[in-house]
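Written below as structure tokens is the structure these notes are about.
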Amino acid sequence: MSRLEGPPAEGVRDLYPFLYEGRADLESVLAEACRSTEEKAAEIVRLRWQVAEASADALMECAGEMALRFASGGRLFAFGNGGSSTDAQEVATAFLHPPYGLSLPALSLTSDVAVVTALSNDVGFDVVFARQLAALGRHGDIAVGLSTSGGSANVVRAFEEATRRGMLTIGLAGDEGGRLAELDLLDYLFVIPSSSVHRIQEAQTTVYHVLWELTQHALGAVPAP
């Protein structure tokens with residue numbers, strides 16, 4: 001038998017309550033951890049099927065529009081905050097340096113720390129993406145913004161700038177879509193119907209990889225499924 005001594009770190013008890021419910025033997029802790037993992041895996045599978053069923057046609061159409069932009073010399077710009085910043089970098093990497101198929105021009109607006117910190121310090125964090133699109137974006141480019149809440153002010157501002165420049169706008173959000181769902185200017189919005197940031201980001205990863213693969217198909221770079 002063993003007991004975890006001392007108060008848990010902030011937030012840890014909510015994530016792993018079974019570790020702090022008094023005395024617990026190793027077998028019961030492992031069983032509860034296994035149950036929790038299975039529940040999370042089942043939830044992400046359910047979410048992915050749910051998004052696929054609701055958005056299959058939109059994903060196909062969106063990929064076709066992306067392919068048209070790339071074929072005409074368009075470029076992709078991805079952006080987001082926190083974990084979505086990491087996802088934005090993965091979006092750019094997937095298109096720019098794919099495991100197979102065509103290498104397509106893509107850039108994450110969170111990659112240049114000097115630019116992000118300069119704009120945040122000198123102007124304001126709300127414009128860190130919009131100002132970059134104002135400088136780099138042009139008609140026919142693609143803007144992909146990720147926000148688990150759908151409420152990130154700098155993502156909203158970036159989409160407003162992208163629309164002014166005639167860019168294809170693609171949003172990925174969670175829950176009910178937040179402020180992004182209220183925008184009339186987005187060409188495509190894919191919403192993950194969950195309140196869990198973890199599940200939202202996992203499903204968003206699937207969405208943008210599906211968009212990448214469908215775009216490759218639309219460009220004729222790889223055989224159609």
Side-chain angles (χ1 to χ4, degrees), residues 4 6-21 24 26 28-56 58-59 62 76-95 99 106 108-111 113 116 125 128-129 143-156 158-159 170-183 186 188-214:
L4 293 176
E10 184 178 355
V12 173
R13 187 184 184 97
D14 293 334
L15 288 173
Y16 309 104
F18 53 85
L19 294 178
Y20 300 95
E21 295 174 351
L26 180 60
S28 64
V29 168
L30 290 177
E32 183 62 21
C34 182
R35 182 199 62 79
S36 176
T37 301
E38 289 175 348
E39 284 185 356
K40 291 172 182 176
E43 173 67 6
I44 186 54
V45 170
R46 183 190 66 80
L47 274 174
R48 284 168 170 154
W49 275 112
Q50 190 173 348
V51 173
E53 291 173 354
S55 305
L59 285 165
C62 180
L76 183 150
F77 297 95
F79 44 91
N81 300 286
S84 296
S85 170
T86 302
D87 284 331
Q89 293 177 7
E90 169 59 18
V91 171
T93 300
F95 282 88
S108 168
L109 300 184
T110 65
S111 297
V113 176
V116 171
F125 193 61
V128 291
F129 305 137
V144 179
L146 302 98
S147 172
T148 54
S149 68
S152 303
N154 53 16
V155 172
V156 173
F159 278 132
I170 304 166
L172 280 72
D175 204 358
E176 297 181 356
R179 290 178 62 187
L180 294 183
E182 300 170 1
L183 294 178
L186 286 179
Y188 296 94
L189 175 63
F190 300 102
V191 178
I192 311 301
S194 173
S195 58
S196 167
V197 172
H198 307 88
R199 304 294 85 76
I200 292 169
Q201 289 181 320
E202 289 163 356
Q204 285 182 340
T205 300
T206 300
V207 168
Y208 61 72
H209 277 287
V210 166
L211 282 175
W212 167 79
E213 188 163 3
L214 290 175

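If you read the sequence from its start, that first residue is 1, and numbering goes on from there. Quantities reported herein were computed from a predicted structural model and do not represent experimental measurements.
Expressed to the nearest 0.5 Å, how far CZ of F95 lies from OG of S108 amounts to 13.0 Å. To the nearest 0.5 Å, atoms CG (N81) and CG (D87) are separated by 11.5 Å. Here CG of L211 is found 6.0 Å from CD1 of I170. Values are rounded to the nearest 0.5 Å. Note that OG of S194 is 5.0 Å distant from CG of L47, once rounded to the nearest 0.5 Å. Distance check: F129 CZ to N154 CG gives 4.5 Å after rounding to the nearest 0.5 Å.
Closest heavy-atom contact between V51 and P193: CG2-CD, 4.1 Å. Closest approach of A106 and A92 over heavy atoms only: CB-O, 3.6 Å. Contact record, G150 with S147: N-OG, 2.9 Å, taken as the closest heavy-atom pair. Here the closest heavy-atom approach between residue A88 and residue A78 is recorded as O-CB, 3.5 Å.
Residues that satisfy the side-chain contact (heavy atoms from CB on, under 4.5 Å) test with S85, not counting sequence neighbours, are Q89, T110. Judged as a side-chain contact (heavy atoms from CB on, under 4.5 Å), and not counting sequence neighbours, S195 has no contacts. In this structure F159 satisfies the ring pair (Phe, Tyr, Trp, His ring centres under 6.0 Å) test together with F79, sequence neighbours excluded. Remark: V210 pairs with L59, T206, L214 by the side-chain contact (heavy atoms from CB on, under 4.5 Å) rule, at least two apart or across chains. E202 is linked by a salt bridge (Lys or Arg N to Asp or Glu O under 4.0 Å) to R199, counting only residues two or more places apart in sequence or in another chain. Partners of S84 under the side-chain contact (heavy atoms from CB on, under 4.5 Å) rule, at least two apart in sequence or in another chain, are L146, T148, Q201.
Contact of the Q204 side chain with the I192 side chain is registered, since non-hydrogen atoms from C-beta on lie closer than 4.5 Å. In this structure the side chain of Y208 reaches within 4.5 angstrom of the side chain of L172, judged on heavy atoms. Between V91 and W212, the closest side-chain pair of non-hydrogen atoms is not below 4.5 Å.
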Identify all side-chain donor-acceptor contacts of residues 173-181 below 3.5 Å with residues at least two apart in sequence or on another chain.
none

